[in-house]
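The basis for the numbers below is simple: all heavy atoms, side chains too, and nothing from hydrogens, waters or symmetry mates. Note that the coordinates shown come from a computational prediction; the quantities given were computed from them, not determined experimentally.
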Amino acid sequence: MSFKPLGKWVAVKTVIESQKTTEAGIVYNDFAIKEGGYIWSDVVAVGDSIEEDIQPGDRVLWSITNKKGNSYDGYDLVHQDHIELVDRE
């Protein structure tokens, strides 16, 4: 990865196991939408101003429907305020 999120942003890699694609090419996860839009992702980088204990390698649960971030180079950029749970193995 050649970039680092700024401030309170977290870069995550989301792997959707039950992806579906429409005829128009739109990819979505039917399960995440039905379950309130929460999805697990792997943290790959964190900004310098993160106030919570979130580190690369953690798994986080965040609301894809409240996403105030962006996507870049295959990663989702999520603000720390939209992360609900952290799972550290």
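Taken to the nearest 0.5 Å, the CD1 atom of Ile83 stands 11.5 Å off from the OG atom of Ser63. Note that CH2 of Trp40 is 6.5 Å distant from CZ of Arg59, once rounded to the nearest 0.5 Å.
A donor-acceptor contact shorter than 3.5 Å links the side chain of Gln80 to the backbone of Glu51. Between the side chain of Lys13 and the backbone N or O of Gly74 there is at least one donor-acceptor pair closer than 3.5 Å.
Considering only heavy atoms from C-beta on, Val86 stays 4.5 Å or farther from Asp53 through its side chain. Between Val44 and Val12 there is no side-chain heavy-atom pair separated by less than 4.5 Å. Using a 4.5 Å heavy-atom threshold, the side chains of Leu85 and Tyr38 count as separate. Side-chain contact check for Asp58 versus Asp87: every heavy-atom pair is 4.5 Å or farther apart. The shortest side-chain heavy-atom distance between Glu52 and Lys8 does not fall under the 4.5 Å cut-off. In this structure the side chain of Val43 reaches within 4.5 angstrom of the side chain of Ile54, judged on heavy atoms. Side-chain contact between Phe3 and Tyr75 is present, with at least one heavy-atom pair separated by less than 4.5 Å.
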_Full working for side-chain contact (heavy atoms from CB on, under 4.5 Å) between Val10 and Ile50_ = CA-CA 8 Å; Val10 178; Ile50 294 291; 3.6 Å; yes
Go through the steps for Lys4 and Asp48 under the test side-chain contact (heavy atoms from CB on, under 4.5 Å), then give the verdict. CA-CA 9 Å; Lys4 178 179 170 92; Asp48 292 331; 3.1 Å; yes
- His79 and Trp9: CA distance, side-chain angles, deciding distance, ring-ring contact (aromatic ring centres under 6.0 Å, His included) verdict: CA-CA 4 Å; His79 195 273; Trp9 292 92; 5.0 Å; yes
